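Contents: one structure, followed by commentary.
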Amino acid sequence: MYKSHTCGELTAKHLDQEVTLAGWVHRRRDHGGVTFIDLRDRFGMVQIVSNTDLYPEAHKIMEPVRSEWVIQAKGWVRRRPEGTFNPEMSTGEIEVEVREVKILNPAKTPPIYINKEEEVDEQVRLRYRYLDLRKERMRRNLVLRHQVVKFIRDYLDRNGFLEVETPILFKTTPEGARDYLVPSRVHPGEFYALPQSPQQLKQLLMVAGVERYFQIARCFRDEDQRGDRQPEFTQLDLEMSFVEREDVMRLTEDLFTRLVAEIVPGKRVLESPWPRFTYDEVMRRFGKDSPDIRFGMELIDITDLAAGSGFRVFEEIAESGGHVRGIKARGLGDYSRRQIEELIEFVAQYAAKGLAYIALTSAGEQRSSFAKYLPEETLTEIARRFEAESGDLLLFVAARPEVTFESLGRLREFLGDRLGLRDPEALGFCWVVDFPFVVWNEAEKRWDPSHHLFTSPMPEDAPLLDSEPGRARGQQYDMVLNGYEVGGGSIRIHNRELQARVFELIGLETEVAQERFGHILEAFEYGTPPHGGIASGIDRICMILAGETNIREVIAFPKNQNARDVMAGAPSRVEDEQLEELHIELDV
RNA sequence: GGUCCCGUGGUGUAGUGGUCAAACAUGCCGCCCUGUCAAGGCGGAGAGCGCGGGUUCGACUCCCGUCGGGACCGCCA
């Protein structure tokens with residue numbers, strides 16, 4: 001070993017012990033005859049000091065040392081002179097008086113500061129990710145992620161779960177996201193697909209009698225990136241046999257509640273047990289199936305008032321099946337025309353053609369884009385429903401239901417940010433249940449599963465599959481945290497006839513179903529236990545627990561927005577010979 | 001496929017038609033300095049403003065294109 005102790009562990013308990021340390025030079029303060037270095041390793045930091053009067057040779061070696069050089073120092077732990085303690089450092093009471101120094105490796109001047117928290121262009125950070133990861137923020141995030149995963153493993157182990165690895169090279173599933181394909185060398189013209197999730201495999205493990213399975217599973221989806229989406233990401237994937245919806249939810253809730261208490265004790269779980277909402281309720285109240293429940297500003301329906309209100313835009317939409325809904329932004333009543341314009345542009349992103357408003361200024365005046373068309377009693381009723389007071393800004397969207405919900409739901413969170421209503425220390429967990437079993441795909445003129453093919457409908461809704469599929473609910477549950485969907489699962493179909501009925505409903509022909517899912521359908525005939533499970537997004541959960549707003553901050557080596565690894569330069573061209581072996585011709 | 005924003009020394013920023021062969025901070029280099037902790041003092045090097053074209057007497061600044069990056073829409077069972 002190059003070190004007898006870590007930099008972070010030294011305290012007054014080690015006074016006058018001889019120690020050997022090794023690490024990176026975090027900062028250097030050269031006073032001529034005496035030089036201080038903050039020596040950093042993964043475990044912390046300690047000040048080492050060399051003095052030319054005491055050990056001239058060591059002092060001389062320290063002279064050329066600069067930031068991020070890797071050195072080894074041997075010396076005694078000393079109490080710092082009175083009045084020179086550094087209360088900012090855990091090791092601030094002591095220092096190491098250096099007798100011997102060895103330069104293990106010099107370092108070029110790093111392109112980014114390691115010893116300073118400063119926003120640096122992300123491309124530079126990613127290009128030199130190994131340096132970026134040395135920084136405190138990234139180190140903290142790596143540690144957090146490790147703790148989260150370790151807690152999950154320990155918890156599930158205690159609860160009888162078996163961690164099973166499933167293949168990375170598997171079979172394409174065209175009905176989901178776009179697959180990453182891997183050409184087969186031994187089978188010209190054929191391809192493996194990287195799993196979008198181990199969904200089928202975990203169900204097969206239930207058939208296999210594993211009963212309680214989990215995996216920290218890497219998943220791959222070839223879709224465009226977002227701040228909370230990477231082409232490869234990690235799920236806690238779990239599945240249980242002989243359970244009902246309630247069992248999976250209870251276990252998941254207990255797991256994460258305990259995890260939060262242990263790993264991020266500073267954070268506050270907003271409500272425990274986690275509140276549960278039906279899909280209809282979250283849409284109506286929050287405009288989003290993954291609501292941020294840390295603040296109010298809920299949507300309010302005025303469709304009934306809009307019909308026959310005298311305001312043509314509202315009337316037409318209300319009479320043609322659209323919705324008119326609004327939210328109240330407290331304290332924004334003095335917004336200028338220009339500031340409101342910005343909000344109009346914001347909702348336009350979500351296909352809202354306009355944003356009507358009533359601004360109640362703090363001076364007690366009313367400005368509005370449409371109030372003049374409305375009779376007094378309608379305005380009074382609107383004010384009553386919103387409990388509007390001076391200083392409030394009421395914002396309305398009139399559109400198709402989906403557009404009304406989405407634009408106001410997004411606007412709500414946008415304004416929640418702006419008004420500082422989204423408490424970063426609070427964790428607003430909730431469940432969303434009773435999702436529609438299928439959704440109508442207008443473009444393809446067919447029903448699509450709203451979760452996935454193997455989700456079971458609510459038992460009492462099974463008859464609806466034949467009469468009114470759109471009204472059937474699935475045995476699905478989504479786990480939501482601070483406005484992000486962080487998990488989703490369902491009770492699966494374990495009955496052959498019901499599965500066939502679902503395939504039929506979503507327009508999957510028998511032969512096609514056989515070709516794609518024959519293996520799993522066959523397996524289901526050999527004694528399948530009732531089962532269900534959940535998959536939660538480790539990256540997103542870590543992101544939220546770390547207080548980050550981008551998933552890349554909790555992934556050691558993430559891809560950029562164009563799915564590129566800018567450090568290694570992947571993807572890259574390959575040799576012609578490699579292509580030939582794979583029987584691939586390029587057309588680019 | 002689309003919309004919006006950004007690109008100036010190593011890093012972070014300022015400069016938005018001439019006063020800019022570009023300013024500030026930090027980092028880097030040299031010298032001084034024995035108790036600092038973003039050490040301090042003095043001195044110095046380092047970018048011609050992503051790239052190409054255009055407008056203009058004159059472009060870092062305006063316009064077009066392009067490349068790179070980010071946010072979002074589409075997409076993500």
Side-chain angles (χ1 to χ4, degrees), chain A residues 26-39 45-54 56 59 64 66-68 78 80-89 91-92 95 97 108-128 131-132 173-179 196-197 199-200 219-231 233 342 345-352 406-407 410 414 435 437-439 441 443 447-455 474 476 485 488 490 502 506 508 516 535 537 549-550 552 560-562 564 566:
Chain A
H26 192 66
R27 220 172 244 127
R28 175 174 176 275
R29 292 175 293 280
D30 183 353
H31 291 228
V34 59
T35 296
F36 302 94
I37 282 176
D38 294 332
L39 191 66
M45 201 137 61
V46 68
Q47 171 168 290
I48 66 175
V49 55
S50 79
N51 188 315
T52 191
D53 292 343
L54 295 173
H59 190 73
R66 294 293 182 272
S67 284
E68 300 307 312
R78 304 291 194 210
R80 293 194 190 186
E82 210 54 47
T84 64
F85 290 6
N86 184 346
E88 307 282 298
M89 294 173 83
T91 59
E95 64 191 6
E97 179 187 289
K108 285 168 74 174
T109 301
I112 56 176
Y113 297 110
I114 312 300
N115 54 20
K116 207 162 139 184
E117 293 302 326
E118 179 178 70
E119 283 296 316
V120 178
D121 185 278
E122 199 181 2
Q123 200 172 8
V124 178
R125 293 178 56 200
L126 290 179
R127 165 124 194 263
Y128 300 98
L131 296 180
D132 191 41
T173 51
E175 46 282 311
R178 200 175 292 112
D179 280 322
Q196 296 178 25
S197 83
Q199 183 59 38
Q200 296 180 32
C219 306
F220 306 85
R221 294 180 192 175
D222 186 5
E223 298 293 351
D224 288 339
Q225 310 307 292
R226 288 292 184 280
D228 61 354
R229 264 162 42 189
Q230 278 275 299
F233 60 101
E342 185 201 356
E345 276 172 39
F346 179 83
V347 294
Q349 290 180 87
Y350 307 98
E406 173 158 36
S407 55
R410 301 288 194 137
F414 178 79
F435 281 80
F437 183 63
V438 285
V439 290
N441 181 334
W447 295 101
D448 282 342
S450 82
H451 186 46
H452 62 63
L453 291 165
F454 305 107
T455 298
Q476 183 196 339
E485 183 196 326
S490 63
V502 170
I506 64 176
L508 199 60
R516 287 186 196 159
T549 54
N550 194 301
R552 294 189 292 270
N560 74 2
Q561 194 162 66
N562 294 313
R564 217 173 247 297
V566 295

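No experiment lies behind these values; they were computed from the predicted model shown. Note that these values count all heavy atoms, side chains included, but never hydrogens, waters or copies made by symmetry. Every chain is numbered from 1, with letters handed out A, B, ... down the list of sequences.
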Problem - N/O (side chain, A:Arg226) to phosphate O (OP1/OP2, B:C73) under 4.0 Å - result: yes
Practice task
Could you measure between the two C1' atoms, the one in B:A25 and the one in B:U8, and give it in whole Å?
Solution key: 15 Å
Completion exercise
Atom CE of A:Met89 and atom P of B:U36 are separated, to the nearest Å, by 15 Å
Practice task
Kindly point out which of B:U36, B:G12, B:C75 is positioned nearest to the side chain of A:Asp224?
Solution key: B:C75
Problem - A:Gln196 side-chain N/O to A:Ala177 backbone N/O, donor-acceptor pair under 3.5 Å - result: yes
Handout entry: Atom pair distance, as rounded to whole Å: CG in A:Asn560 and P in B:G70
Key = 4 Å
Exercise for the section: With P as the reference atom in both, quote the distance from B:U56 to B:A14 in angstrom, rounded to an integer. Expected result: 31 Å
Completion exercise
To the nearest angstrom, the CD-C1' distance between A:Glu122 and B:U11 comes to 16 Å
Practice task
Could you check how far CD of A:Gln230 sits from P of B:C75, rounded to whole Å?
Solution key: 21 Å
Exercise for the section: Looking at every strand, decide which applies to A:Asn51 at a 4.0 Å heavy-atom threshold: base, sugar-phosphate, or nothing. Expected result: base
Exercise for the section: Determine whether any donor atom in the side chain of A:Gln123 lies under 3.5 Å from an acceptor atom in the base of B:G70, or the reverse, and answer yes or no. Expected result: no
Handout entry: Base paired to B:C4 (Watson-Crick or G-U; both N/O distances under 3.5 angstrom)
Key = B:G70
Handout entry: Salt bridge present between A:Arg178 and A:Glu223 (N-O < 4.0 angstrom)
Key = yes
Practice task
Specify the separation, in whole Å, of atom CD of A:Glu342 and atom C1' of B:C4.
Solution key: 12 Å
Exercise for the section: Please state the P separation for the pair B:G41 and B:G27 - nearest whole angstrom. Expected result: 11 Å
Practice task
Mind checking A:Asp222 for me? I need base, sugar-phosphate or nothing, with any heavy atom below 4.0 Å counting as a touch.
Solution key: nothing
Problem - Donor-acceptor pair, side chain of A:Arg410 and main chain of A:Tyr350, under 3.5 angstrom - result: no
Exercise for the section: Starting from the 5' end of RNA chain B, give me the residue, A:Asn86 or A:Leu126, whose nearest nucleotide shows up first. Expected result: A:Asn86
Problem - A:His31 (side chain) donor-acceptor with A:Gly33 (main chain) under 3.5 angstrom - result: no
Problem - Distance-only donor-acceptor test, A:Tyr128 side-chain atoms vs B:G10 base atoms, 3.5 Å - result: no
Practice task
Hey, which sits more toward the 5' end of RNA chain B by its nearest nucleotide, A:Glu88 or A:Ser67?
Solution key: A:Ser67
Practice task
Using the P atoms only, state how far B:C67 lies from B:C24, rounded to an integer number of Å.
Solution key: 37 Å
Problem - P spacing across the pair B:C76 / B:G69, given as an integer number of angstrom - result: 24 Å
Handout entry: Salt-bridge contact A:Asp224-A:Arg229 (side-chain N to carboxylate O under 4.0 Å)
Key = no
Exercise for the section: Send over the distance from A:Arg28 CZ to B:U26 C1', rounded to a whole Å. Expected result: 17 Å
Practice task
Describe the nucleic acid contact of A:Phe85 in one word from base, sugar-phosphate, nothing, applying a heavy-atom distance below 4.0 Å.
Solution key: base
Exercise for the section: Mind checking A:Gln349 for me? I need base, sugar-phosphate or nothing, with any heavy atom below 4.0 Å counting as a touch. Expected result: sugar-phosphate
Handout entry: Distance below 4.0 Å between A:Arg80 side-chain N/O and B:G35 OP1 or OP2
Key = no
Problem - Under 3.5 Å on both distances, the Watson-Crick or G-U partner of B:A23 - result: B:U13
Exercise for the section: Using a 4.0 Å heavy-atom cut-off across all strands, classify A:Ser197 as base, sugar-phosphate, or nothing. Expected result: base
Exercise for the section: Send over the distance from A:Glu175 CD to B:C75 P, rounded to a whole Å. Expected result: 17 Å
Exercise for the section: Could you please name the partner base of B:C62, counting Watson-Crick and G-U wobble pairs only when both distances are under 3.5 Å? Expected result: B:G54
Problem - Separation of the C1' atoms in B:C60 and B:U13, to the nearest angstrom - result: 15 Å
Exercise for the section: Give one of base, sugar-phosphate or nothing for A:Gln47, where a contact means two heavy atoms less than 4.0 Å apart. Expected result: base
Exercise for the section: Mind calculating the distance between CD (A:Glu406) and C1' (B:G74) to the nearest angstrom? Expected result: 11 Å
Practice task
Please round to the nearest 0.5 Å and tell me the distance separating atom CG of A:Leu39 and atom OG1 of A:Thr91.
Solution key: 10.0 Å
Exercise for the section: Pick base, sugar-phosphate or nothing for A:Arg78, based on heavy-atom distances below 4.0 Å to the nucleic acid. Expected result: nothing
Exercise for the section: Please identify each residue that fulfils side chain to side chain contact (heavy atoms under 4.5 Å, CB included) with A:Asn51, with sequence neighbours left out. Expected result: A:Asp53, A:Leu54
Problem - Sugar-phosphate only, base, or nothing, as touched by A:Arg125 at under 4.0 Å among non-hydrogen atoms - result: nothing
Handout entry: Same-atom distance (P) from B:C29 to B:G46, integer angstrom
Key = 16 Å
Practice task
Determine yes or no for a side-chain-to-main-chain donor-acceptor pair under 3.5 angstrom, with A:Asn550 supplying the side chain and A:Arg552 the backbone.
Solution key: yes
Exercise for the section: Pick base, sugar-phosphate or nothing for A:Arg27, based on heavy-atom distances below 4.0 Å to the nucleic acid. Expected result: sugar-phosphate
Practice task
Measure the distance between the ring centre of A:His31 and the centre of the six-membered base ring of B:A39, then answer whether it is under 5.5 Å with planes under 30°.
Solution key: yes
Practice task
Would you indicate what A:Pro81 reaches in the nucleic acid, counting non-hydrogen atoms under 4.0 angstrom: base, sugar-phosphate, or nothing?
Solution key: base
Practice task
Mark yes or no for a side-chain to base donor-acceptor pair under 3.5 Å between A:Arg221 and B:C76, with no hydrogen or angle criteria applied.
Solution key: no
Practice task
For B:G50 versus B:C6, give the span between their P atoms, rounded off to a whole number of Å.
Solution key: 13 Å
Exercise for the section: Answer yes or no: side-chain N or O of A:Arg29 and base N or O of B:C33 forming a donor-acceptor pair under 3.5 Å. Expected result: no
